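Before any comments, here is the structure.
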Amino acid sequence: NKTGFIFDLDGVIVDTAKYHYLAWRKLANELGFEFTQEQNELFKGVSRKRCLEILLEIGNIKASQEQFSRWLVEKNEDYLSLIEEMDESEILPDVLKVLQFLKKHNMPIALGSASKNARPILEKVKLMDYFDVIVDGTHVAKAKPDPEVFLIAAKQLGVPPKDCVVFEDAVAGIEAANNAGMLSIGIGEEKVLSEAKFVFTNFTKMDDKFLNRLLE
Ligand code: UVW
């Protein structure tokens, strides 16, 4: 049986958190309050709608449905204009090494992301060809830590969940992988991602020996 490899996007393949932050901060400032980088940590892996709900709670702002929808669109337009300039140079260190290793061994590869902007981002950084399957925020009803996004990815890869490996940088994402019965690998800080089966600061720390073990 082949192993299926599922990658989160934001924080694993590229660092889009900084662009999300700038776009949310602009909206917060327009609404008359500050939004810090620390607060932005709470937004990682969280759906766009839920992020706006939290932002408005931070600013103590009540919105009509219509305002809410308008601000969602405005934030996303600002975000899209920020990521317009993204290119291959924004791929995080050694992501390409790992993708190429997996391709060389003919491993099935999926993207499992909450983002509705996953496809345009993969196109900009020229990684579309590595992914056999893309499951993103346009396909999924339940947010991580619900395992839905990873279970759909496994199904589309044709690999049983127990034979899948997930690379994730968010706590909710590690929980989702564990809930799916998959092997969770945290990319980030060990103390934050303590629920993960293995943790690496980034892909430069993952050697061929470890990758080879994952193939079995
Ligand atoms: C998320 O909802 C996580 O991202 P986006 O705003 O890119 O859809």
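These figures come from a predicted structure and were not determined experimentally. Indexing begins at 1, ligand by ligand and atom by atom, following the structure's order. Sequence positions, counted from 1, serve as the residue numbers for this chain.
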- Message: Is it true that Lys75 and His20 share a donor-acceptor pair across their side chains at a distance under 3.5 Å?
- Response: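 Note: His20 and Lys75 side chains meet the donor-acceptor criterion.
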Under 3.5 Å between some N or O of ligand 1 and some N or O of [X]?
X      : result
Asn117 : yes
Tyr79  : no
Ser115 : yes

Against ligand 1, does [X] come closer than 4.0 Å with any heavy atom?
X      : answer
His20  : yes
Gly137 : no
Val46  : yes

- Is there a side-chain contact between Lys26 and Phe35, using heavy atoms and a 4.5 Å cut-off?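 Counting from C-beta outward, Lys26 and Phe35 never come under 4.5 Å.
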- State, yes or no, whether a side-chain contact exists between Phe150 and Lys144 at a heavy-atom distance under 4.5 Å.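 Sidechains of Lys144 and Phe150: in contact.
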- Message: Can you name the atoms of ligand 1, numbered from 1 with element, that are less than 4.0 Å from a heavy atom of Ser47?
- Response: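 That gives atoms 2 (O) of ligand 1.
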- Task: Provide, to 0.1 Å, the distance between atom 8 (O) of ligand 1 and the closest protein heavy atom, together with that atom's residue and name.
- Result: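 For atom 8 (O) of ligand 1, the nearest protein heavy atom comes out as Lys116 N, 2.7 Å.
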- Task: Do me a favour and list the nearest non-hydrogen protein atom to atom 2 (O) of ligand 1 with residue, atom name and distance?
- Result: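 So the nearest neighbour among protein heavy atoms is Arg48 N, 3.0 Å.
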- Message: Donor-acceptor check, side chain of Glu148 to backbone of Ala141, threshold 3.5 angstrom: yes or no?
- Response: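 Yes; judged by distance alone, with no hydrogens or angles, the pair exists.
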- Task: Look at Glu85 together with Lys124 and state whether they make a salt bridge at an N to O cut-off of under 4.0 Å.
- Result: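 A salt bridge is absent here (no side-chain N lies under 4.0 Å from a carboxylate O).
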- Item | Glu38 CD: over 12 foreign heavy atoms closer than 6.0 Å |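 12 or below, so no.
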- Step by step, would you call Glu41 with Lys44 a salt bridge (charged side-chain N to carboxylate O under 4.0 Å, His left out)? CA-CA 6 Å; Glu41 286 298 309; Lys44 287 190 173 173; 3.3 Å; yes
